[in-house]
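Side chains are part of it too, since the values below use all heavy atoms of this structure and drop only hydrogens, waters and symmetry mates. Below, chains carry the letters A, B, ... as their sequence lines are ordered, and counting in each starts from 1. The structure displayed is predicted, hence computed values, not measured ones.
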2 protein chains.
Amino acid sequence: MANIQQVAKQAGVSVATVSRVLNGQNTVSSKTKTKVEEAIKFLNYEPSMLGRNLRNSESRIILILIPNISNPFYLDIIKGIENMALSQGYNILLCETDSNPDKENIYFDLVRKKMADGIVSMDPAVNVDTLKELAKTYAIIQCSEYGGGIGIPYVTIDSEEASYRAVKHLIQIGHTKIALMNSDEKFLYARERKAGYQRALKEHGMALDNGYMVYTQELSFEHGQQAMKKILALRDRPTAVFAVSDLLAIGALKEINASGLHVPNDIAVVGFDKIDFSNMTNPTLTTVAQPMYKMGTTAAAMLIDKIKGKEVDSVILDHELIIRESTSG
Amino acid sequence: MANIQQVAKQAGVSVATVSRVLNGQNTVSSKTKTKVEEAIKFLNYEPSMLGRNLRNSESRIILILIPNISNPFYLDIIKGIENMALSQGYNILLCETDSNPDKENIYFDLVRKKMADGIVSMDPAVNVDTLKELAKTYAIIQCSEYGGGIGIPYVTIDSEEASYRAVKHLIQIGHTKIALMNSDEKFLYARERKAGYQRALKEHGMALDNGYMVYTQELSFEHGQQAMKKILALRDRPTAVFAVSDLLAIGALKEINASGLHVPNDIAVVGFDKIDFSNMTNPTLTTVAQPMYKMGTTAAAMLIDKIKGKEVDSVILDHELIIRESTSG
DNA sequence: TTGAAAGCGCTAACAT
DNA sequence: ATGTTAGCGCTTTCAA
């Protein structure tokens, strides 16, 4: 494994000159440049990022913090982050926290130890105080889920409005008994989506029935099934369900089918996210599309700006209601 | 940002001593150790991986090469790799190649440039010659998909046998007209699964009809739909379909439903992989379970051994046929 | 246009 | 048990 010294010797120049060629500085005469390039080729030399990174005090690595890689919601976001990062010479370290503060801390250490230059956090369970503290020293961007008002830039959508529109759609097609399948209200997005749900109901003069709001501990298929069981057992059974995640909605779909009822004739279902699978179910799922890929590229671009010392502002991206079979038999 | 020098000065010892404490060497007296620890705490010191990595000529990073992150098949493998890596002090760099040789090459550069210590490749499209060449110098393990006989250790399942059993199951429940939805035979697993399919048919004295074998360019839902369209158009329509990927099978399911036919009464469907979603469809999908998580941990353990200079052997893991609704109405 | 040399932060061989 | 020091491979300032 040749190093820069050997290249320099081979080319009969100094290491400084080799470095200049490596970094495309144009203060090198074309003759020397050629000599150096020949030496590089001859020795099969590859510059070591280890040396460069130490010297430059950077790792060129971006850390992505996600609670659970099993939720396909994150896939396109990751893609977006990766492609943007790549185009700027960064690579991504994917870190699954399982919403476990200990695991989170291991990953936070990576940035403390300079193994990563910054963090895109998508973890709602993240310890907000630690994150805030970290953000003083390191570049951090929140993506999709965010703690409001903690001074860390984020990219997300308007959850309240998205939720409002989804529920309004159900109202417009005639539903009056609409259940909300939400996650724990410790999450900001859960509170926002609940608010949107309530606003839509109120606006149409419909009563808020607390019994129509069920909560799940996790955004998963299984929890969607369980929650749907509860909804199906309700005394005055709803004719529509709005779930704050496609995974929950798909679980609901399954449970409704299993109970012998029909979607959307007996119960209409709306999901949230527009993951790939929302189009593969039977019936296909009406859902709120989040611009996942764009969220990823935006978050990455913001983070890289931040790493470079620029000021960055939070961004709210557009969402869109995708009407499919689960609300339009 | 304190460095080891400052800690040494603060503690009134040499940098060597600080380094010893950092690395848990027990040649340090407990008094000095305490002094050093206090200095570390006082200065809020975090050792830089940049310095350590250069010194140790390692990055402690493992590169994962996948063709496309959108196929959930890889999710559990990644989880397995990550957890094993983490337990050994490694982190993972997730790299999506899109089966694009140029992109592959960018990622290969990471190991050439010492940004990564080794590679777990799950990319069937990978340039075999380059991979072989790289494997001479760097630690590489193939996971799930592999090039046979190129001397790079792999971890996978017995695709031929798995395929044989899946088809045999269809035969045993009475099917005689069984289609194979396969991928391009340039992939070894495609050839193996075809072989298993053919062995099962032959063993039961059934004729091989080339028209019953359709090929897809990608393992995706959409390609599954398209392929199923072709199968449905066949003159003597099959009563069962064995798809070499759950994603394809789910596409087939959708297409069959759309055509007004019923699964499994009109057409039975078997998939491959046992991705999470194979249990969320309606009907649920009979499929061959691959031990994804285990494949991940195994591959990572093998790779880390290889990085440490040990010899490692290829591993064949067990598979299992999971019978669900799509073959047992 | 080029070179000499310092130094990024750490570890380990060697010395005491 | 502890310290001194070289050096991992690179970039960049300063000098020529």
Side-chain angles (χ1 to χ4, degrees), chain A residues 1-40 43-61 89 109-117 137, chain B residues 1-40 43-61 89 109-117 137:
Chain A
M1 217 60 15
N3 63 20
I4 200 172
Q5 303 277 0
Q6 296 167 288
V7 175
K9 179 179 281 181
Q10 173 72 27
V13 300
S14 74
V15 292
T17 300
V18 178
S19 175
R20 288 185 186 109
V21 172
L22 250 27
N23 293 285
Q25 258 137 306
N26 42 11
T27 65
V28 185
S29 78
S30 58
K31 291 162 228 157
T32 2
K33 195 176 164 194
T34 312
K35 273 197 299 181
V36 171
E37 280 162 350
E38 280 167 355
I40 288 176
L43 293 172
N44 233 310
Y45 166 72
E46 295 278 355
S48 158
M49 298 301 288
L50 263 23
R52 173 178 299 182
N53 286 349
L54 173 59
R55 171 63 217 225
N56 293 346
S57 287
E58 64 175 9
S59 63
R60 294 247 138 204
I61 284 178
D109 267 353
L110 293 180
V111 64
R112 297 195 187 100
K113 295 188 174 163
K114 301 207 183 298
M115 179 94 250
D117 294 341
T137 317
Chain B
M1 219 56 20
N3 63 20
I4 200 171
Q5 305 277 0
Q6 295 167 290
V7 175
K9 179 180 278 181
Q10 173 72 25
V13 299
S14 74
V15 291
T17 301
V18 177
S19 176
R20 288 184 186 109
V21 173
L22 249 27
N23 293 287
Q25 257 134 310
N26 42 11
T27 64
V28 185
S29 80
S30 59
K31 291 163 226 157
T32 6
K33 194 176 165 194
T34 313
K35 274 196 301 180
V36 171
E37 280 161 350
E38 280 167 354
I40 287 175
L43 292 172
N44 234 310
Y45 167 72
E46 297 277 356
S48 159
M49 298 301 287
L50 261 24
R52 174 176 299 182
N53 287 348
L54 173 59
R55 171 64 218 220
N56 294 345
S57 287
E58 63 175 11
S59 63
R60 296 245 136 207
I61 285 178
D109 267 352
L110 293 179
V111 63
R112 296 194 188 102
K113 294 187 175 165
K114 303 208 181 301
M115 180 94 250
D117 294 342
T137 316

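- Between the CZ atom of A/Arg52 and the P atom of D/dG9 there is a distance of 14 Å, rounded to whole Å.
- B/Thr17 has a side-chain polar atom (N or O) that falls below the 4.0 Å cut-off from OP1 or OP2 of D/dG3.
- Rounded to an integer number of Å, the gap from CE of A/Met115 to P of C/dG9 is 16 Å.
- Residue A/Asn53 is classed as having no contact, given no heavy-atom separation below 4.0 Å to the nucleic acid.
- Closest to the side chain of A/Ser14, out of D/dC10, C/dC10, C/dA4, is C/dA4.
- For B/Ser48, no side-chain nitrogen or oxygen approaches OP1 or OP2 of C/dG9 to under 4.0 Å.
- Taking side-chain N and O atoms only, B/Thr27 has no distance below 4.0 Å to OP1 or OP2 of D/dT2.
- A donor-acceptor contact under 3.5 Å links the side chain of B/Arg20 to the base of D/dG3.
- Between the C1' atom of D/dG9 and the NZ atom of B/Lys113 lies a distance of 14 Å, rounded to the nearest Å.
- As rounded to whole Å, 20 Å separates atom P of C/dA6 from atom CG of A/Asn56.
- Summarising the geometry, atom CG belonging to B/Asn53 is positioned 10.0 Å from atom OG belonging to A/Ser59; distances are rounded to the nearest 0.5 Å.
- For B/Gln25 and D/dA1, the CD to P distance is 12 Å, given to the nearest whole Å.
- Close to D/dA1, at under 4.0 Å from its OP1 or OP2, lies no side-chain N or O of B/Thr32.
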